[in-house]
Structure formats: structure tokens, C-alpha cells
Amino acid sequence: MKIDRMIGILSILLQKDKVTAPYLAEKFEVSRRTINRDIEELCRAGIPLVTTQGVNGGISIMDGYKIDSTLLTSSDMQEILAGLRSLDSVSGTNQVAQLMEKLSAGSSTLMPGGQNILIDLSSWYKDTLAPKIQMIREAMDRRQKICFQYYSPNGESIREVEPYYLIFQWANWYVWGYCAEREDYRLFKLNRMTELKPGETFEKRNVPFPDLSNERIFPHIYQVKALIDPEFRWRLVEEYGPDSFIVQEDGRLLFSFGFTDEESILGWILSFRGGAKLLEPEPLRGKLSKLGRKLEEQYSDS
């Protein structure tokens with residue numbers, strides 16, 4: 001893209017004393033004429049560029065306009081690259097990494113060869129997620145609504161949403177936007193969307209930044225207490241932290257934590273395959289017992 005190339009050219013000029021048009025043309029894989037047009041547009045934008053002819057000639061930024069390249073340390077650049085490459089792991093391309101390589105201008109001081117931070121945001125659903133993310137990004141750029149079939153614990157519905165933010169949170173991708181049905185801002189999980197398509201254009205609203213605190217998205221409506229067999233200590237540490245339980249005299253672990261809904265509690269207890277005993281809330285003990293009897297009836301012939 002033209003704007004990416006111009007940003008890249010400016011970054012190179014800020015890091016190097018002088019470069020030639022052929023060098024920039026090769027770097028960005030375009031013609032020298034294209035580079036000359038980019039330089040002219042940067043000048044019109046108010047960037048004081050100087051072009052000199054001759055053997056030692058080239059393009060440079062007027063003295064006094066430069067910034068110190070040491071503002072970005074090697075560690076800074078490593079973290080920037082890791083973040084940008086993590087976006088490539090979603091799209092399945094390396095477009096962002098290629099852009100960053102161009103912005104780095106091959107500076108060995110800022111871009112050491114080894115990369116020791118790797119972030120992969122892809123998932124088992126990468127093949128279906130990438131097209132959704134691409135379509136939503138394009139809809140946001142064009143100020144287009146998105147329409148989709150949505151599946152939630154409360155049922156299925158057709159939604160029309162003004163998309164404002166794509167969010168990676170809680171190991172999943174979401175879109176934050178204004179929902180026409182709810183007449184309010186909502187968070188939608190991409191994996192629960194089907195039949196996604198762009199809709200009509202909309203006027204951008206004064207959008208509040210999404211509150212993604214666990215307390216708001218996953219309010220602790222149910223306070224759970226359970227006795228967990230010690231062999232599952234690793235799981236409690238991984239999922240809820242080492243402070244989520246107290247070791248009892250018999251070695252079992254007294255677990256205490258807040259949950260959002262009943263289904264999550266029942267499924268979580270059952271996932272221990274008899275290694276967890278629910279103590280509270282009391283009403284769910286009866287539901288768990290009823291569920292156990294139903295499972296026994298279904299599989300009694302086995």
C-alpha cells in the first residue's frame with residue numbers, strides 16, 4: 001500500500017543520513033519513478049527532504065529534523081516485531097512482518113538476527129477465523145455494518161452490528177460494536193458467528209472504549225466451594241491460581257472461586273470424572289445428582 005511505503009521511506013530517512021532512489025526502489029520493490037513521486041508527496045506534506053546530485057548524492061532529511069534512532073532500543077524493536085508477527089499468525093500471511101522489516105531499514109543495531117519472543121494468536125479454528133477477521137476489518141474501514149447468525153446460550157438470532165473493535169481476549173476473538181437489536185454496545189464471539197456478510201454503511205458514533213474487565217464480562221454470580229482430589233492440583237493452579245484452594249488434612253483441596261453460570265459449574269465438576277465433590281451452592285448439588293442419574297440411565301446398557 002502507498003501509505004505503508006511512504007511511512008517506510010520516512011522511517012529509513014530518519015535512521016540513515018542519506019539514501020538513493022534506486023536503493024529505495026529496490027527496498028520497496030517499486031520503480032524509481034514511483035519513489036520520486038513518493039518523495040514529492042512527502043515534501044508537499046511538509047517533510048523537509050533534500051536531494052543532492054553526483055557520486056555521493058542522494059535523498060536526506062534536512063538537518064535539525066531528525067530524531068535519535070536510539071529512542072527505539074533493540075529490546076523495543078523485538079517486542080514490536082513480536083506483536084506485529086502475532087497478527088500475521090491470525091491472517092496466515094506475513095504482510096505485517098514484511099512491512100516491519102522495511103521500517104527497520106536493515107539496521108543491525110535495532111534488528112538483531114535472532115527472535116526470542118514468539119506469539120501465535122491462531123487457533124484450531126484458524127481456517128474459519130481468518131476470513132471473518134478480514135471481512136470485519138474491511139467493514140470497519142468502509143464503515144459498513146456486519147450481519148450474521150449468532151449462537152449463544154440464550155438461543156439463536158440474526159444480528160446487525162456496527163463494528164468498532166476487533167479484540168483478542170480470553171484466548172478467543174471478539175468484535176465490539178453497536179447492536180441494532182439491543183440498541184447498545186455488545187461483545188460478540190467470532191466462533192459463534194455464521195453467515196457473516198457486510199451490510200449498509202453507517203455514520204460512526206462516539207464509541208465508548210469497551211470495558212473488558214472480568215468483573216463485567218464474567219460476573220461472579222455463583223460462589224463455588226468444592227473438594228478436589230490432590231492429583232488435580234496442577235489443574236487448579238493452571239486455571240485459577242495457587243491461591244484458589246486450601247490443602248485439607250486428608251490431602252484433598254478445598255477449592256473456592258466465583259462462576260458466571262450454572263452450566264459452567266456443572267460441566268467443570270463433571271470434567272474431574274469423580275475427582276471433585278461440589279459443596280456449594282447447595283441447589284446445584286441436587287441438579288448434579290439428577291444429571292448423574294440421567295447419565296446412568298443413558299449408559300446403563302453399556
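- Taking hydrophobic clusters as Ile, Leu, Val, Met, Phe, Trp and Tyr residues chained together by side-chain heavy-atom distances below 4.5 Å, L236 shares a cluster with Y222.
- A donor and an acceptor atom, one from each side chain of S289 and R293, are located under 3.5 Å apart.
- Looking at heavy atoms from C-beta onward, E41 lies out of side-chain contact with I39 at the 4.5 angstrom threshold.
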(message) Test ring pair (Phe, Tyr, Trp, His ring centres under 6.0 Å) on F202 and Y178; report intermediate values, then the result.
(response) CA-CA 11 Å; F202 64 90; Y178 185 84; 9.5 Å; no
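- F259 and Y240 have tilted rings, their planes meeting at an angle from 30° to 60° on a 0 to 90° scale.
- Checking side-chain atoms of E239 against main-chain N and O of V237 turns up no donor-acceptor pair under 3.5 Å.
- For the pair R5/I9, a side-chain contact is recorded, criterion being any heavy-atom separation below 4.5 Å from C-beta on.
- Environment of CD in Q169: crowded, with over 12 heavy atoms of neighbouring residues, nucleotides or ligands closer than 6.0 Å.
- The minimum heavy-atom distance between M140 and P163, with the atom names listed, is CG-O, 3.5 Å.
- Between the side chains of S271 and R235, at least one donor-acceptor pair of N or O atoms lies under 3.5 Å.
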(request) Apply side-chain contact (heavy atoms from CB on, under 4.5 Å) to the pair Y151 and T194, showing each step before the final yes or no. (result) CA-CA 8 Å; Y151 297 82; T194 62; 3.4 Å; yes
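- Interatomic distance, NZ of K287 versus CG of L278, reported as 12.0 Å (0.5 Å rounding).
- Here the side chain of K132 pairs a donor or acceptor atom with the backbone of M193 at under 3.5 angstrom.
- Under the side chain to side chain donor-acceptor pair (under 3.5 Å) criterion, T260 pairs with no residue at all, not counting sequence neighbours.
- Contact of the V224 side chain with the F257 side chain is not registered, since no non-hydrogen atoms from C-beta on lie closer than 4.5 Å.
- Pairing each heavy atom of I228 with each of F232, the nearest pair is CG2-CB, 3.7 Å.
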(message) Please evaluate residues K27 and I12 with respect to the criterion side-chain contact (heavy atoms from CB on, under 4.5 Å), reporting the C-alpha separation (whole Å), side-chain torsions for both, the decisive distance (0.1 Å), and the verdict.
(response) CA-CA 10 Å; K27 187 74 176 175; I12 290 174; 4.1 Å; yes
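- Contact check for V161 versus R186: no side-chain heavy atoms found under the 4.5 Å cut-off.
- The hydrophobic cluster containing I269 does not contain L227, counting ILVMFWY residues as joined when their side-chain heavy atoms lie under 4.5 angstrom apart, directly or transitively.
- How far CD of E160 is from NZ of K145: 4.0 Å, rounded to the nearest 0.5 Å.
- Within the 4.5 Å cutoff, side-chain heavy atoms of I136 are placed close to those of L196.
- The two residues C147 and G199 make their nearest non-hydrogen contact at SG-CA, 4.3 Å.
- Using a cutoff of 4.0 Å between basic side-chain nitrogens and carboxylate oxygens, E282 and R285 are scored as salt-bridged.
- No more than 12 heavy-atom neighbours from other residues, nucleotides or ligands sit within 6.0 angstrom of CZ on R33.
- Figure legend: R32 and Y23 shown without cation-pi pairing, the cationic atom not lying both under 6.0 angstrom from the six-membered ring centre and within 45 degrees of its axis.
- Using cut-offs of 30° and 60° on the angle between ring planes, the pair W268 and F272 is perpendicular.
- Of the N and O atoms on the side chains of D211 and S213, at least one donor lies less than 3.5 Å from an acceptor on the other residue.
- Between S300 and E297, the closest heavy-atom pair is OG-O, 3.2 Å.
- Of all the heavy atoms in R143 and K204, the pair that sits closest is NH2-CD, 3.2 Å.
- The ring of F168 has its center no closer than 6.0 angstrom to the ring center of Y174.
- Put simply, the side chain of Y164 gets close to the backbone of R205: a donor and an acceptor are under 3.5 Å apart.
- To the nearest 0.5 Å, the span separating CG on L295 from CG on L291 amounts to 4.5 Å.
- For an aromatic pair to be called close, the ring centres must be under 6.0 Å apart, and Y150 with F188 satisfies this.
- Side-chain contact between S256 and Q223 is present, with heavy atoms from C-beta onward closer than 4.5 Å.
- Side-chain N or O atoms of K18 include none that pairs as donor or acceptor with a backbone N or O of T51 at under 3.5 Å.
- For E156, the CD atom sits in a packed shell: over 12 heavy atoms of surrounding residues, nucleotides or ligands are nearer than 6.0 Å.
- In terms of hydrophobic clustering, with Ile, Leu, Val, Met, Phe, Trp and Tyr side chains grouped at heavy-atom distances under 4.5 Å, M6 and I61 are assigned to a common cluster.
- The shortest non-hydrogen separation linking P210 to W176 is CB-CD2, 3.4 Å.
- Residue L24 holds its CG atom at 5.0 Å from CD1 of I35, rounded to the nearest 0.5 Å.
- At a threshold of 4.0 Å, the pair R252-D250 counts as salt-bridged, since one of the basic side-chain nitrogens sits closer than that to a carboxylate oxygen.
- For V247, the side chain to side chain contact (heavy atoms under 4.5 Å, CB included) partners two or more places apart in sequence, or in a different chain, are R233, F245, L253.
- Proximity of L190 to L166: side-chain heavy atoms (C-beta onward) are separated by under 4.5 Å at one or more points.
- Under a hydrophobic clustering in which Ile, Leu, Val, Met, Phe, Trp and Tyr are joined whenever their side-chain heavy atoms come within less than 4.5 Å, directly or via other members, I221 and F255 fall into the same cluster.
- Looking at residues two or more places apart in sequence or on another chain, you find a side chain to side chain contact (heavy atoms under 4.5 Å, CB included) between E181 and S157, R159, C179.
- Annotation: the span from I59 atom CD1 to T52 atom OG1 amounts to 9.0 Å, rounded to 0.5 Å.
- One finds the CD atom of E26 at 9.0 Å from the OG1 atom of T20 (value rounded to the nearest 0.5 Å).
- Residues I167 and F209 share a single hydrophobic cluster, defined by chaining ILVMFWY side chains whose heavy atoms lie under 4.5 Å apart.
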(message) Assess the residue pair F28 and T34 against the criterion (side-chain contact (heavy atoms from CB on, under 4.5 Å)); give the C-alpha distance rounded to whole Å, side-chain angles, the decisive distance to 0.1 Å, and a yes or no.
(response) CA-CA 10 Å; F28 294 98; T34 297; over 6 Å; no
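- Side chains of I146 and M135 form no contact here, defined as non-hydrogen atoms less than 4.5 Å apart.
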(request) Start with the C-alpha distance between L49 and L13, add both sets of side-chain angles, then the distance that settles side-chain contact (heavy atoms from CB on, under 4.5 Å), and finish with yes or no. (result) CA-CA 9 Å; L49 301 183; L13 292 173; 3.7 Å; yes
